[in-house]
Amino acid sequence: MRRSAAPSQLQGNPFKKPKFISPARSHPSPNEEVAKLNSDIKLFEVAANKNNFLQPQNDPRTCNFNLPTKECAKGINHGDNYREKYYLEASTKTTLDLHHTGTGYKLKELEKIEEGQTMMIGGKEIEVMGIISPDDFNSGRCFQFGGGCSAILSSSQAAKKCFSNPFKSVCKLSSKENKQNSFQSCKPRHDPYAPRIHLENESFFWLLRNLGRSTENLPPDSLVMLRPDKNHQWLFNKNCFPVVDVVIDPHLVYYLRPHQKEGITFLYECVMGMRVNGRCGAILADEMGLGKTLQCISLIWTLQCQGPYGGKPIVKKTLIVTPGSLVNNWKKEFQKWLGIERIKIFTVDQDHKVEEFTKSPFYSVLIISYEMLLRSLDQIKNVKFDLLICDEGHRLKNSTIKTTTALISLSCEKRIILTGTPVQNDLQEFFTLIDFVNPGILGSLSAYRKIYEEPIIISRQPSASEEERELGEQRAAELTCLTGLFILRRTQEVINQYLPPKIENVVFCRPGALQIALYRKLLNSQAVRFCLQGLLENTSHLICIGALKKLCNHPCLLFGSIKEKESNSTWDESEERNLYEGLMNVFPADYNPIMFTEEESGKLQVLSKLLAVIRELRPAEKVVLVSNYTRTLDILQEVCKRHGYAYTRLDGQTPISQRQQIVDGFNSKYSSDFIFLLSSKAGGVGLNLIGGSHLILYDIDWNPATDIQAMSRVWRDGQKHPVHIYRLLTTGTIEEKIYQRQISKQGLSGAVVDLSKTSDHIQFSVEELKNLFTLHESSHCVTHDLLDCECTGENHTGDSLEKLPVSRNCQLGPHQQKSDSLKPLSMSQLKQWRHFPGDHLNLTDPFLERIRENVSFFFQNITNQTTAI
Ligand SMILES: Nc1ncnc2c1ncn2[C@@H]1O[C@H](COP(=O)(O)OP(=O)(O)OP(=O)(O)O)[C@@H](O)[C@H]1O
Ligand SMILES: [Mg+2]
């Protein structure tokens, strides 16, 4: 922003007073009503309130009212949204409708306007402050931070580490008064030059030994935070305390992975306002399992004990808001990394209310679920929290939901969102998350829409002109650059080296005879026929799809749901009648859903055999069995009972207070549980289920993120065994179609990589519905048929397998960009997985060998393969 010529500044300097162009001088002609300015892009400052020019550069209000030209013109005309200061730019690209502004300046007059001149538009005095370069306009940069990026440190600058001698710096920077009385506090808490970590006398020693790590030959490893620059000191060190190095506790550093050290440095710089002047928010969007919790714990522990100014701690109280099932997980992680003495943690539940935390001087960290937060908001507002962490924070992407408004209402400035599933495609939701952590950084919502959302969306439409495409791309790049200063995302690749191999399998299970008969009947129903004729609403499609999905899981689920509907008084008028008509006749007359058999469902047969072979070949290993449906979990539970498998279960009904206990029980090596029944909706996010090394996804969700989240529960830090993942799909049915949608282009661009997106959001064309409502009875694998694969499905193991490199990167092909494992697999990636029909002769995998009888096709991919699995 150019402030040098602001009138209020110039008032004291009469010699530089700019020329005032009187609006009275202008006589508009009809031809000049819409004036296109051919000059360079001009920047105007509009002073609605004449004494308001000298806002500080980082005043959030400055940002809030930065509007592009048309918006400004409207604002001027109608006088709405118009309080303090705007930047106007006019360019060859932009039309400033002067008639509507009520000014009536002549075009020629406007062309001659120079820097420093003032004029009247719409009763407001406007001063030309400078010329915006086309680059700044195109990128949208001129609308940020009052017209320039000076308020933002470049990331490379921000990332620079300071390893200077803390004592030297202290002496140089400290004021006379402080020099004497605070030498002690001038020392960093930990030695920034520590050559190695001395664990012998420390309580962390036990942890080290527990983890089986040697204390010998520890690397020199001090992690020192960036020192604040002059500007930061000027803003935040009003008392002129000496500057002290902030050093991460070496005991934590010992355990930190390189990406975690980088993450902590990043979080520190963000919350300290070192990356974006005056903004203290961050989004840590690392993929699942990268240890976001440990990074935050390290940050809290550091800020609670240290600070760059005289060593004074930055944070007294921290609020952590997390899904209910993770409240105790957080507590456990604190204890795991810091023991129980260093930080006093308070977790809120039915028996432990916020008041207890408020009254006690001991606790410094409050951990609460999103649900509890809403109930205790008043009490929470009474506490002064210095740091707010929102775990699985993608849920805050909707600004109108109660949780978001509640959290926004908290006055805490230092805000961190943690998410493994960031909003990727919805620009509005993206705005909400950004605006939550760094309020006002993108201006008002309407300004954001004009500056970023609209040009970006327009540029992505096929009809976009070259100019629109360019503008959209530049704005998108600028948005990424700006938000990239406080968003960090690393992919799972960074921890692959610490993890055991992962063997992923997509298993296409042949449907049972009863399933096929029922499937055919459903597809012939009046309801499905109407759907295909485009006669019914989206809800009807979803009902039909729901019925087919149930059938794929097990026919008894469909039976149960029809019986339930029939007993309902509204059955006669219900839409489902058209769908279920005559279906009961397909079931055997004496069909009893409670006595269901495994043979009735292809997937259940495979599951049953899979469990048996795991039990037999890996008696010490455990299985996580995931479904999206509670009713399906009931069936799976029944299977466990029938086979005498010890199991435990976590679904939406499980009381929050018991969830961590269940997880811990399963993860314990002393537990006798063989199976963990997990509802992906209730427990998909955040849980560590490393006690299990086999994970079976019994059904598929429209949203790949739900499945990917669930699959990430076992292949995590701490996992000792090779991990086997099995995704079961019923061959030729709707499950294959959903899978194809997940991995096809449509799935990728359809913005479904977002946990909250359910099938309700999905609209289907008649063509798509036709495809969904087709049963491919003769294909081994419709998905393979679609791959354009040269193999016949008979021989894609032997030779080609030999040639396939084993690491995931290579398997994804040489041109693969840095992969984001959150993204669902693409069709072309799948093609490079090993694949073979169920009756293939040389199945080397003993688990697949045992289930092949009911399987028509397999895909398999191995990550991190070192030895034979
Ligand atoms: N440096 C480390 N050394 C050993 N174990 C680690 C390390 N960092 C994290 N872990 C462990 O890895 C597991 C996963 O960490 P965490 O739950 O923090 O992942 P996350 O990034 O929050 O994933 P999600 O997005 O799924 O919640 C935890 O059990 C944690 O204790
Ligand atoms: Mg987590």
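Start at 1 and go down the list; that is how both ligands and their atoms are numbered. Given the structure is predicted, the values throughout are model-derived calculations rather than measurements.
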Under a plain distance cut-off of 3.5 Å, with no hydrogens placed, do [Y] and [X] share a side-chain donor-acceptor pair?
| X | Y | value |
| --- | --- | --- |
| W715 | Q719 | no |
| T322 | D391 | yes |
| Q304 | S364 | yes |

Element-labelled atoms of ligand 1 that are located less than 4.0 Å from some non-hydrogen atom of [X]:
| X | value |
| --- | --- |
| R713 | 26 (O) |
| T293 | 16 (P), 17 (O), 18 (O), 22 (O) |
| L294 | 1 (N), 7 (C), 8 (N) |
| K336 | 29 (O), 30 (C), 31 (O) |
| E392 | 27 (O) |
| W337 | 2 (C), 3 (N), 4 (C), 5 (N), 6 (C), 7 (C), 10 (N), 31 (O) |
| M288 | 23 (O), 24 (P), 25 (O), 26 (O) |
| Y255 | 1 (N), 2 (C), 3 (N) |

Open item on the list: Are D386 and K414 packed together at the side-chain level, in the sense that at least one heavy-atom pair is separated by less than 4.5 angstrom?
Closed with: no
Task: Passing candidate, ring-ring contact (aromatic ring centres under 6.0 Å, His included) with W337, options Y255, W301, Y254 - done: Y255
Quick test of your reading of the structure: of [options], whose heavy atom lies closest to [atom]?
| atom | options | answer |
| --- | --- | --- |
| atom 7 (C) of ligand 1 | D717, N688, L252 | D717 |
| atom 23 (O) of ligand 1 | G289, G420, S298 | G289 |
| atom 28 (C) of ligand 1 | E333, R716, Q709 | E333 |

Task: Which atom of F666 lies closest to which atom of F674, heavy atoms considered - done: CE1-O, 4.2 Å
Open item on the list: Looking only at distances, can you tell me whether any N or O atom of L256, backbone or side chain, sits closer than 3.5 Å to an N or O atom of ligand 1?
Closed with: no
Open item on the list: Once rounded to the nearest 0.5 Å, what's the spacing between atom CE of M274 and atom CG of L485?
Closed with: 14.5 Å
Task: Salt-bridge contact R490-D286 (side-chain N to carboxylate O under 4.0 Å) - done: yes
- [ ] Taking the six-membered ring of Y370 (Phe, Tyr or Trp), confirm whether the NZ or CZ of R395 is under 6.0 Å from its centre and within 45° of its axis.
- [x] yes
Open item on the list: With the threshold set at under 4.0 angstrom, would you say Q295 reaches ligand 1 through any of its heavy atoms?
Closed with: no
